[in-house]
Peer 1: 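Here it is, the structure in full.
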Amino acid sequence: MKRETFITLLLMALLFGAAFHGKTGDEPFIITLATKAAIFAIAGVGLNLALGYGGLVSFGHAAFFGIGGYAAGIIASAARNYAPVMTWPMEIAGSTSMPVIWLAAIVAAMITAIPIGIFSLRTGGVYFIMITLAFAQMLYYFAVSWPAYGGEDGLSFYVRNEALGLNMMDPWTYFAVCFGVLAVVLALMAVLVRSRFGLALEMARQNPQRLTASGIRPFNVRLTAFVISAMITGLAGALYADLNRFVSPSMLSWHTSGEIMVFVILGGVARLGGPVAGACLYLLLEEVLGDVTDYWQVLLGIVLLLVVLFARGGLVGLLAGRRAAHD
Amino acid sequence: MSAALVFEQLLNGLQFGVMLFVMAAGLTLVFGVMGLINLAHGSLYMLGAFACAAVAAATGSFMLGLAASLAAAAIAGVLVEVLIIRHLYARDHLDQVIATFALILVFTEGTRWAFGSFPLYLTLPDALSGSVALPGGITYPLFRLLIIGVGLGIAGGLFLLVNRTRLGMRIRAGESDREMIAALGVDIGKLYTIVFALGAALAGLAGALVGSVQAVQIGMGEPVLILAFVVIVVGGIGSITGAFIGAVLVGLTDTLGRFLLPQAFGLIMDASSATSVGSALASMLIYVLMALVLVFKPTGLFGKPA
Amino acid sequence: MSAPFLKVAGLTAGYGASQALFGVDLDVGTGEVVALMGRNGMGKTTTIKTVCKLLPITGGSIMIDGRDTKRIPVHKAARLGIGLVPEGRRCFPNLSVEENLVAAARSGEWTFDEVAKLFPRLAERRTQSASTLSGGEQQMLAIGRALMTNPKLLILDEATEGLAPVVRQEIWAAIYALKDSGLSILVVDKTIRELKAVADRCVILERGQSVWTDKPENLSDEVCARYLGV
Amino acid sequence: MTDPVLEVTNLSKSFGALAACKNVSLDLMPGEIHALIGPNGAGKTTLVKTIAGEIAHDAGHIRFDGELISHLDAAGRARLGLARTFQISSLAMEMSALKNVMLAVMAVSGEVFRFFRHAGSDDALLGPARACLEEVGLQNRAHTRVAELSHGERRQLEIAIALAMKPKAFLMDEPMAGMGPEGLARLSGLLRDLKETAPVLLIEHDMDVVFSLADRISVLVYGEVIATGTVEEIRANPDVQGAYLGDAA
Amino acid sequence: KVGMITTLTGGGASLGIDVRDGFMLAIKQAGNKDIEVIVEDDQRKPDVAVQLADKLIQNDKVDVLTGIIWSNLAMAVVPAAVGQGKFYLSPNAAPSALAGKGCNPHYFAVSYQNDNLHEASGAYANDAGFKKTFILAPNYPAGQDSLTGFKRFYKGELAGEVYTKLGQDDYAAEIAQIKASGADSVFFFLPGGMGIAFMKQYAQSEVGLPLIGPAFSFDQNILQAVGDAALGVKNTANWSKDIDNEANKKFVEGYQAEYGRLPSIYASYGYDTANLLMSALAKAPVSDMAGFQAALEAADFSSVRGKFSFASNHHPIQDIYVREVIKEGDILTNKIVATAMTDRDNAYVSECKM
Ligand SMILES: Nc1ncnc2c1ncn2[C@@H]1O[C@H](COP(=O)(O)OP(=O)(O)OP(=O)(O)O)[C@@H](O)[C@H]1O
Ligand SMILES: Nc1ncnc2c1ncn2[C@@H]1O[C@H](COP(=O)(O)OP(=O)(O)OP(=O)(O)O)[C@@H](O)[C@H]1O
Ligand SMILES: [Mg+2]
Ligand SMILES: [Mg+2]
């Protein structure tokens with residue numbers, strides 16, 4: 001087994017262990033925290049496909065996270081109010097079934113990502129960073145000032161949605177669901193980046209000129225990666241909405257984009273387990289340092305700095321060493 | 001809507017644009033020219049404002065405050081460059097993102113720790129406040145005219161520095177190939193420290209100047225950061241002229257959008273919803289502008305094609 | 001003869017964990033032209049990079065003008081009088097031709113006008129961005145840029161690659177002239193014929209080691225076949 | 001008479017005031033190596049770029065395999081079977097040499113949007129990629145990252161990638177530059193064999209190579225073709241001697 | 001056991017700190033050793049607030065939650081908390097959605113209903129004889145509620161109605177519109193730094209029209225930063241440090257002694273919240289849900305505001321004053337100059353069915 005795969009599995013085991021500890025130690029909040037880490041890890045895995053493997057540094061993934069969240073929120077609250085989600089061009093009823101909501105979130109993220117991707121991919125480098133930010137900010141301000149779904153106040157739907165007749169309000173059950181989704185997404189990602197498409201994507205990042213000269217349009221490859229990436233992040237958004245039983249524009253804000261990005265970079269860019277490591281470490285630090293002092297964010301900043309300065313390639317890079325040229 | 005009001009709003013837009021340029025000037029140097037993604041720019045801006053407010057309160061002199069803002073930010077800049085940024089030039093840009101993100105946390109909470117959680121008092125000395133009468137019957141705050149002057153001065157200075165001096169050439173050369181410029185005998189490390197400090201000092205000065213007409217409070221740097229990036233990207237990275245034009249364009253768009261959009265919607269719907277829809281759109285407007293510019297000119301208005 | 005301007009002894013170096021040089025000995029005396037030869041991948045460029053301190057010295061020593069360079073940084077090494085024309089040109093793409101030349105210039109007899117005399121094409125393209133120059137023009141620019149630092153030792157790593165025959169002849173002529181003016185030159189090039197004509201000495205590298213050092217006259221067919229593959 | 005594989009008629013391209021190609025007409029016949037020589041900055045690379053579709057031309061026609069291809073973008077032309085090598089190596093620095101070649105194999109197979117099968121162990125990609133590396137003598141470096149290859153080795157890899165595309169015609173922009181004598185000899189032999197399957201438009205400054213390999217030579221000066229002919233004709237042409245060859249004639 | 005979720009870091013930290021300090025002061029003064037307060041920092045992020053609520057409820061098993069400053073965070077936390085059977089006492093935010101249809105027996109707003117202070121401004125504008133007021137607020141729900149609240153009582157004509165961008169710092173364009181509108185007064189709701197920036201710029205533009213606004217922009221902590229530009233401005237509040245009663249005196253003096261600064265309006269809400277809580281605890285344990293709820297409803301404590309009772313939707317019925325910014329020595333502060341509304345409840349009482 002390759003070292004990186006091993007580390008990913010180890011990280012997953014740690015995450016699971018932490019949640020299990022919360023269950024046996026009757027500290028449900030640890031489970032909630034682990035759930036949050038799992039969800040952010042999913043969002044990060046999504047972003048990592050664009051940012052890490054595709055070299056498309058999107059500073060606007062909050063848009064997809066938020067769109068996924070709002071899709072979940074709107075559908076669920078419509079179902080609770082017995083109102084249709086929309087009546088035009090066709091009538092769509094609300095639902096409280098998680099699989100339905102996930103699908104809707106994924107599709108919504110996809111529909112948003114296609115136009116954003118088409119426009120954004122005309123640019124490159126830092127310009128790409130900023131144009132994705134621009135689109136996310138547009139959505140953010142729209143959500144803040146659009147009154148229909150609560151504006152800045154957000155939208156509550158009180159109870160988690162349901163699936164398979166499980167009691168999702170039980171933290172452990174919900175954790176298991178999110179953990180399962182994370183595992184599936186990771187497996188998919190592992191396959192994807194080693195596939196033919198993954199090879200093309202890697203070339204699109206490293207040398208688009210060469211890719212073109214070989215007869216493949218970098219644009220198509222990138223757009224596909226960007227949209228898949230958005231769909232995964234959208235799914236994470238739906239899960240996050242369910243975790244909190246609440247969505248608000250803050251899911252769309254640039255802080256969220258930045259946070260997901262920090263998870264990925266901290267854990268290791270273009271490393272399979274990177275987002276998992278990043279999300280876990282960050283949330284753990286937040287939790288532990290918060291108890292130390294009111295000014296805990298200073299400590300958090302210092303720890304982050306130390307990680308950047310001394311762990312090349314993020315946490316996973318530190319543990320797994322340099323990536324080999326062939327795999 | 002009188003002509004005088006429209007003219008005044010144009011002036012406001014222009015002035016806001018120049019103010020944006022002042023806020024973005026330091027970043028233009030560090031990000032636009034050195035190619036370093038510095039998210040902590042806003043923190044240096046905040047630091048400058050707090051230093052100015054504290055010194056002005058202690059000494060009673062606004063001018064000493066301004067000097068303090070320059071000094072404090074420059075010193076912070078040197079420290080940051082030497083301790084952290086210097087080790088990241090050879091790395092991926094993304095490492096800079098996370099390091100400077102960490103710096104935001106340290107600076108924000110550090111400032112709160114040093115100065116407390118409450119906004120500070122910083123206002124203009126009498127000599128600089130008040131309004132002057134402009135032709136056309138408009139009275140206009142003196143300080144805003146002053147900001148326009150300072151902005152033009154900084155723009156000119158930076159333009160000359162970057163495009164007309166060897167220092168500027170070396171920084172730009174360092175941005176594309178640090179190793180090579182060093183192999184030609186240039187101490188690029190020291191140069192970068194100096195330029196980073198200069199960028200930081202400009203951020204600090206902007207914080208002090210703008211802070212004296214806005215609020216000096218924790219977190220004041222964050223919106224500035226995003227705005228500054230928008231300005232630079234619209235103008236085209238690496239171009240001082242671009243940053244200036246970009247700033248003015250963003251300033252005009254924002255001001256006129258806030259002013260005109262609600263009125264435009266007022267023509268087709270009732271007043272109350274027109275204000276709310278109009279201002280909702282207005283708040284997105286600069287991002288719409290940025291997206292449009294980048295869709296049609298993928299490297300900004302004055303950026304060099306990749 | 002006085003002490004050589006550049007003296008490399010028992011040099012080892014590499015890229016991080018992978019070692020590429022396993023003992024290189026090489027002297028370049030004042031006013032001397034030394035050719036560094038070897039097949040692809042044998043360590044010529046690595047040697048040059050280490051001399052310029054772009055790579056750390058892991059063993060052995062490099063003396064420039066009598067100073068040990070083990071501990072000095074890149075730019076200081078350059079200021080001891082090295083002018084580098086690197087492999088692959090490495091012009092600054094975001095600078096204009098003129099800016100490329102003057103950015104790192106140090107005063108001396110080589111000025112913009114002198115370079116323009118050597119490469120009139122550069123003067124014609126003065127304000128053009130270096131990224132849009134043709135391959136050969138970039139090569140001229142890289143040479144001009146190194147000359148403008150007025151070095152005592154000029155290092156040319158495949159400096160004639162991609163240049164048209166006429167221009168190449170001009171460069172070899174220039175190298176003669178430079179040599180006569182007392183400049184030391186270390187040159188890597190693939191055209192053995194032209195190298196032989198200009199070099200005072202040849203050093204051949206194989207697998208990161210200097211394996212043959214002698215006058216070019218003694219470069220027999222057998223040596224060439226063995227070390228250079230011709 | 002057979003038709004040319006590639007035919008350029010009256011092609012022009014300027015950058016602002018600078019006319020890099022003026023009314024260039026040129027063709028590439030099956031089975032030939034057609035060398036394109038000329039002083040630095042004459043417009044050779046520009047011509048290759050316009051043929052490959054990387055930059056748009058201002059006027060003229062490009063016909064490939066009997067079809068007009070002006071409307072196609074670079075990727076489209078590559079898919080029709082037009083392969084080019086770059087004057088300044090253009091490779092994925094962080095990938096292994098083998099993967100660089102595998103990508104080219106994959107591109108011609110047309111099956112890019114395959115998301116599940118493991119590409120790294122796909123024999124349909126590995127086999128041809130290994131063969132191409134072997135052709136240029138890089139088989140021992142297959143698993144080395146390109147960043148760790150020496151300059152000459154990268155030049156060889158450029159060729160391997162072009163081979164892997166199994167094109168109908170090659171556009172080679174100074175493929176020999178930076179290659180040592182050994183590689184040079186090997187590549188010369190390779191090109192001689194290759195031209196039977198696909199003709200080569202060869203840009204090269206090394207006159208020994210050009211004179212020994214080329215079937216025809218065109219000389220480009222200041223964007224204009226001043227002469228086209230056999231090796232002997234070009235060698236003897238006084239204009240060419242003055243403008244380009246110097247003593248090398 | 002009380003869980004307090006409030007903002008202790010970042011931009012809005014000063015408000016959270018004041019609420020916490022006021023709350024703690026009351027407990028300390030009462031010498032109450034039974035109440036354990038767990039304070040958590042929500043970083044002003046709604047999702048973090050929700051998770052903290054889960055934590056406090058599930059891990060720490062608190063009985064009562066309090067502390068949230070911002071309406072959007074309250075909207076995220078309150079429904080979830082009361083849904084899990086906990087009591088929530090709001091020391092600040094009280095959005096209309098939680099006062100009307102969304103009201104809940106376990107939810108109490110100790111501070112006000114969000115619209116109250118704006119309504120009072122509207123009422124005061126009438127009293128002051130303003131006929132043509134220009135009104136502005138940021139474009140988000142609280143801002144929209146603010147203008148609606150103002151208009152609910154204001155009888156004059158509007159010279160203009162403007163929504164600014166949330167977080168906007170430059171108001172030159174709005175000030176120009178004000179000047180051109182022919183208004184005789186300006187009502188603005190711009191909390192935090194937005195208000196500071198607006199007032200400074202307003203003063204520099206020498207517009208000279210009277211300003212009115214709710215207390216949020218004239219809070220003790222902000223006033224110092226605005227400086228003399230705030231002098232003389234009228235603002236509406238349900239508390240002021242010069243309200244003359246025993247409880248208030250004890251609060252103001254105790255606060256200054258403990259923390260070395262003048263209390264803000266948020267500190268007073270925190271203080272009242274703690275006192276309300278202790279008064280109810282004295283009557284019934286939290287485990288007796290109905291009893292505890294009734295004890296809260298009775299509001300049997302001495303508020304620093306003087307009169308205090310709850311309307312049927314658990315929002316206060318109280319007097320709302322007009323204050324003027326004055327200078328006491330070097331320090332800017334507020335002084336009550338009039339009463340804008342007496343025994344005001346709120347507009348949503350009838351919508352609340354519980
Ligand atoms: N960045 C690098 N990282 C690791 N190994 C490297 C790197 N660059 C070169 N090498 C290795 O070091 C050895 C020497 O390379 P070098 O570039 O010095 O060869 P060279 O003699 O200049 O060859 P050429 O004639 O092809 O330019 C080669 O085996 C090469 O693979
Ligand atoms: N984008 C551009 N903008 C302006 N001028 C350009 C641009 N690209 C190329 N040129 C100029 O056009 C001329 C032709 O360039 P080209 O690269 O085609 O030359 P070449 O014949 O390949 O030369 P070499 O043999 O040196 O590679 C050069 O003088 C070059 O400076
Ligand atoms: Mg080499
Ligand atoms: Mg060329």
Side-chain angles (χ1 to χ4, degrees), chain A residues 51-52 57 59 116 118-147 151 254-255 258-259 261-266 269 278 293-314, chain B residues 31-32 35 37 39-40 83-84 87-88 91-110 112-113 117 222 225-226 229-230 232-234 236-237 273 276-277 279-300 303 306:
Chain A
L51 178 147
V57 183
F59 198 2
I116 293 184
I118 288 176
F119 287 123
S120 304
L121 287 169
R122 292 172 55 92
T123 68
V126 177
Y127 295 100
F128 183 83
I129 303 185
M130 295 307 289
I131 194 171
T132 45
L133 170 73
F135 282 112
Q137 288 289 87
M138 284 182 222
L139 284 175
Y140 171 74
Y141 280 108
F142 179 77
V144 165
S145 39
W146 188 253
W254 69 271
H255 289 107
E259 229 165 36
M261 214 155 119
V262 167
F263 296 152
V264 174
I265 305 172
L266 190 63
V269 170
T293 145
D294 263 9
Y295 303 102
W296 60 273
Q297 292 188 351
V298 175
L299 301 180
L300 178 63
I302 291 172
V303 175
L304 289 185
L305 280 176
L306 293 177
V307 174
V308 187
L309 288 178
F310 298 108
R312 268 175 186 247
Chain B
F31 170 65
I37 299 191
L39 298 182
L83 293 178
I84 297 152
H87 309 282
L88 302 177
R91 306 262 200 98
D92 200 311
H93 267 324
L94 292 175
D95 282 346
Q96 298 164 4
V97 168
I98 187 165
T100 51
F101 169 82
L103 282 173
I104 296 185
L105 297 180
V106 173
F107 273 118
T108 306
E109 288 306 300
R112 202 165 68 81
W113 181 60
S117 307
E222 289 185 16
L225 172 72
I226 296 280
F229 272 112
V230 169
I232 294 172
V233 165
V234 166
I237 296 162
S273 35
S276 125
V277 175
S279 46
L281 276 182
S283 57
M284 294 187 231
L285 211 54
I286 61 168
Y287 299 103
V288 176
L289 172 76
M290 173 158 81
L292 280 179
V293 167
L294 292 185
V295 165
F296 290 104
K297 292 211 73 176
T299 50

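Just so it is clear: chains get the letters A, B, ... in the order the sequence lines come, proteins before strands, and each one is counted from 1. When reading the values below, keep in mind they use all heavy atoms of this one structure, side chains included, and skip hydrogens, waters and symmetry mates.
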Peer 1: Within this structure, what is the CE-CZ distance for the pair B:Met284 and A:Phe135, rounded to the nearest 0.5 Å?
Peer 2: 12.5 Å

Peer 1: Looking only at heavy atoms and a cut-off of under 4.5 Å, which of B:Ile237, B:Leu39, B:Leu88 has the most pairs with chain A?
Peer 2: B:Ile237

Peer 1: As an exercise, state the distance from CZ of B:Phe229 to CZ of A:Phe59, rounded to the nearest 0.5 Å.
Peer 2: 8.0 Å

Peer 1: Quick check: do B:Val233 and A:Ile131 have side-chain heavy atoms less than 4.5 Å from each other?
Peer 2: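 No, side chains not in contact.
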
Peer 1: At a 4.5 Å cut-off on heavy atoms, which part of B:Gln96 comes close to chain A: side chain, backbone, both, or neither?
Peer 2: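 Neither part.
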
Peer 1: Which one of B:Phe31, B:Trp113, B:Phe107 has the most heavy-atom pairs closer than 4.5 Å to chain A?
Peer 2: B:Trp113

Peer 1: Does any backbone or side-chain atom of A:Trp254 lie under 4.5 Å from a heavy atom of chain B? Answer side chain, backbone, both or neither.
Peer 2: side chain

Peer 1: Taking the side chain as every heavy atom from C-beta outward, state whether B:Leu294 and A:Arg122 have any pair of such atoms under 4.5 Å apart.
Peer 2: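 Side chain of B:Leu294 against side chain of A:Arg122, heavy atoms only: no contact under 4.5 Å found.
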
Peer 1: Applying side chain to side chain contact (heavy atoms under 4.5 Å, CB included) between B:Val97 and each of A:Ile265, A:Ile129, A:Val262, A:Val57, report the one that passes.
Peer 2: A:Ile265

Peer 1: Any donor and acceptor pair, going by atom type alone, linking the side chain of A:Tyr295 with main-chain N or O of B:Glu109 inside 3.5 Å?
Peer 2: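 The answer is no, because no donor-acceptor pair under 3.5 Å joins these two groups.
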
Peer 1: Determine the option with the most heavy-atom pairs under 4.5 angstrom with chain B, choosing from A:Trp296, A:Tyr140, A:Tyr127.
Peer 2: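 Ranked by heavy-atom pairs under 4.5 Å with chain B, first place is A:Tyr127.
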
Peer 1: Identify which part of A:Phe128 has an atom lying under 4.5 Å from any heavy atom of chain B, answering side chain, backbone, both or neither.
Peer 2: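 For A:Phe128, there is no contact with chain B at all, as no heavy atom is under 4.5 Å.
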
Peer 1: Would you mind reporting whether B:Phe101 and A:Leu304 have side-chain heavy atoms less than 4.5 Å apart?
Peer 2: yes

Peer 1: So, taking the atom named CD1 in B:Ile286 and the one named CD in A:Gln137, what distance separates them when rounded to the nearest 0.5 Å?
Peer 2: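 The distance works out to 8.0 Å.
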
Peer 1: For the side chain to side chain contact (heavy atoms under 4.5 Å, CB included) test, which of B:Ile98, B:Leu83, B:Ile84, B:Leu105 pairs with A:Leu305?
Peer 2: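 Passing option: B:Ile84.
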
Peer 1: B:Tyr287 vs A:Tyr141 aromatic rings, parallel, tilted or perpendicular, using cut-offs 30° and 60°?
Peer 2: parallel

Peer 1: Hey, what do you get for CG (B:Leu285) to CE (A:Met138), rounding to the nearest 0.5 Å?
Peer 2: 9.5 Å

Peer 1: In terms of heavy-atom proximity below 4.5 Å to chain A, should B:Arg112 be classed as side chain, backbone, both, or neither?
Peer 2: both

Peer 1: If you compare all heavy atoms of A:Leu309 against all heavy atoms of B:Arg91, which two are closest, and at what distance to 0.1 Å?
Peer 2: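 Between these two residues, the closest heavy atoms are O-NH2, 3.0 Å.
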
Peer 1: Give me the atom names and distance for the closest heavy-atom approach of B:Ala102 to A:Gly301.
Peer 2: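 Shortest heavy-atom separation between B:Ala102 and A:Gly301 comes out as CB-O, 3.3 Å.
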
Peer 1: Under a 4.5 Å heavy-atom cut-off, does chain A meet the side chain of B:Leu225, its backbone, both or neither?
Peer 2: side chain

